[in-house]
Amino acid sequence: MRDAFFVARREMVMGFRNPWSYSFLTLFSVFSLSLVLINAQNFVEGYSGITGSMLSLILYLLPLMTLFLGSFSLTSEKEEGNWQILSTYPLSTLSFMIGKYLGLIAVLLTIVIFGYGLMGMVSGWVGTGFSATTFLLFLAFSIGLVMLYLVLALCIGACSKNRWQALTISVSLWFFTVIGWPTILLAVLGFVPYLWIKPFLIVLTLINPAELTRLFVVIKLGGGSILGPDYYQWISWIQKPAGVWIFIGVCTIWIVLFLTVVYWIWERGRKNG
């Protein structure tokens, strides 16, 4: 674990020196302030048209930002030759990947927390804002997106030979999971027998981090009724007292699974040269 913390510290230093990080920090801060302007005349609580629009805006920005920073972090190690130097030290691939993940999480969450903190201060100053529960759910939604999409970003970085390839795959994955998902979902379910629709819906939701986190937050905000009868089971378990812990458990399994995939890809490349 000591090696992992060394890599994480190194990643944080590199991340905060990266101009991309400050570009995204500025963008997310401006975006957060725009949410305050959208809500300039109201006190928001629970699910509404405003919170639905805000969730969609967050969903467009954060996954793309995470995919870029995460995938570029690994591909730059290959392109700049840093990994060749690090691999000469007694540093295991597992420690390297865990350190990368922790360091990038620290950088990305700093951006997210700064944006929300600025939004909270401005909201208090202008006298409008969100209820504490709604604000915390927005924050949890953003953190969940970052943590889940970061492991996908590391997978992309491990598979890609350069930044351009990582950029292409990242944009494609973002479009598939965020923009094109409703159309893809309807197309796939249209070919599935009626009795299989709910099982397929569960599987497809679990493999899409954007949809998984969105459903959880929408239901917690009280908007489960807009999802339709096919999501009744989701509403039932999420609204239970243990729903939050089940969701955290699912996300943890998701992260561990994909970190294992990243480890396998990187270790295979290390052995094969």
Side-chain angles (χ1 to χ4, degrees), residues 7-8 11-12 14-32 35 54-77 97-117 119 137-160 163-181 206-217 247-248 250-252 254-259 261-262 265-266:
V7 175
E11 189 62 35
M12 289 172 63
M14 293 172 61
F16 288 121
R17 289 177 180 174
N18 188 347
W20 280 82
S21 299
Y22 292 99
S23 298
F24 282 127
L25 177 64
T26 303
L27 181 61
F28 191 74
S29 298
V30 171
F31 163 77
S32 300
L35 296 184
M54 291 179 178
L55 287 175
S56 296
L57 290 173
I58 294 170
L59 201 58
Y60 293 147
L61 176 61
L62 276 182
L64 190 61
M65 179 178 77
T66 303
L67 288 170
F68 282 171
L69 288 179
S71 61
F72 287 0
S73 176
L74 277 185
T75 51
S76 66
E77 298 283 3
M97 286 303 165
I98 292 176
K100 274 282 183 182
Y101 184 78
L102 294 177
L104 285 166
I105 280 290
V107 173
L108 288 162
L109 291 190
T110 298
I111 294 173
V112 170
I113 292 171
F114 181 87
Y116 276 104
M119 181 176 68
L137 282 172
F138 272 113
L139 182 59
F141 177 60
S142 301
I143 292 173
L145 284 175
V146 166
M147 295 185 71
L148 293 176
Y149 268 94
L150 183 54
V151 288
L152 291 179
L154 293 179
C155 281
I156 293 171
C159 294
S160 302
R163 288 183 179 92
W164 285 111
Q165 190 175 13
L167 175 65
T168 302
I169 299 174
S170 295
V171 172
S172 300
L173 181 64
W174 171 77
F175 184 86
F176 177 84
T177 58
V178 177
I179 304 296
W181 184 253
L206 289 175
I207 65 174
N208 185 347
E211 187 68 4
L212 179 62
T213 51
R214 185 187 73 87
L215 284 179
F216 176 78
V217 173
F247 176 74
I248 292 174
V250 171
C251 291
T252 301
W254 216 94
I255 291 169
V256 171
L257 177 62
F258 277 94
L259 274 179
V261 173
V262 176
I265 295 171
W266 199 264

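In this text, all values refer to a predicted model and were calculated from it rather than measured experimentally.
A donor-acceptor pair is defined here as one N or O able to donate and one able to accept, closer than 3.5 Å; no such pair exists between the side chain of Tyr101 and the backbone of Ala8. Put simply, the side chain of Ser160 never gets that close to the backbone of Gly157: no donor and acceptor are under 3.5 Å apart. A donor-acceptor distance shorter than 3.5 angstrom exists from the side chain of Ser142 to the backbone of Phe138, with no hydrogens or angles considered. For Ser73 (side chain) and Leu69 (main-chain N/O), no donor-acceptor pair under 3.5 Å exists by modelled atom type. Under the 3.5 Å distance criterion, the side-chain polar atoms of Thr75 are matched with a main-chain donor or acceptor of Phe72. Under the 3.5 Å distance criterion, the side-chain polar atoms of Tyr149 are left unmatched by any main-chain donor or acceptor of Gly144. Listed for the Thr177 side chain is no donor-acceptor partner under 3.5 Å among the backbone atoms of Ala210.
Heavy-atom minimum distance, Gly15 versus Val107: CA-CG2, 4.1 Å.
Using a 4.5 Å cut-off on side-chain heavy atoms (C-beta onward), Leu154 and Leu104 make contact. Within the 4.5 Å cutoff, the side chain of Leu27 has no heavy atoms near those of the Met65 side chain. Using a 4.5 Å heavy-atom threshold, the side chains of Leu25 and Ser29 count as touching. A 4.5 Å side-chain heavy-atom check between Val112 and Leu108 finds every atom pair outside the cut-off.
By the 30° and 60° cut-offs, the orientation of the rings of Phe247 relative to Phe216 is parallel.
Remark: Tyr22 OH to Ile111 CD1 distance equals 9.0 Å, nearest 0.5 Å. One distance of note links OH of Tyr116 with CD1 of Ile143; it measures 8.5 Å at 0.5 Å rounding. One finds the CG atom of Leu64 at 12.0 Å from the CG atom of Leu145 (value rounded to the nearest 0.5 Å). A distance of 12.0 Å separates SG of Cys155 from CH2 of Trp266, quoted to the nearest 0.5 Å. Note that CH2 of Trp174 and CG of Leu62 are 12.0 Å apart. Values are rounded to the nearest 0.5 Å. How far CH2 of Trp181 is from CG of Leu59: 12.0 Å, rounded to the nearest 0.5 Å.
Put simply, the residue from Leu150, Leu152, Leu148 that forms a side-chain contact (heavy atoms from CB on, under 4.5 Å) with Phe258 is Leu152. Applying the side-chain contact (heavy atoms from CB on, under 4.5 Å) test between Phe175 and each of Ile179, Val178, Leu173 identifies Ile179 as the sole match.
Among residues at least two apart or in separate chains, side-chain hydrogen bond (donor to acceptor under 3.5 Å, both in side chains) pairs with a member in residues 60-71 are Ser71-Ser170. Residue pairs meeting the salt bridge (charged side-chain N to carboxylate O under 4.0 Å, His left out) criterion with at least one member in residues 100-114, sequence neighbours excluded: Glu11-Lys100, Glu77-Lys100.
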| said: Using side-chain contact (heavy atoms from CB on, under 4.5 Å), reason through Met97 and Leu74 one step at a time and then give a plain yes or no. | reply: CA-CA 10 Å; Met97 286 303 165; Leu74 277 185; 4.1 Å; yes
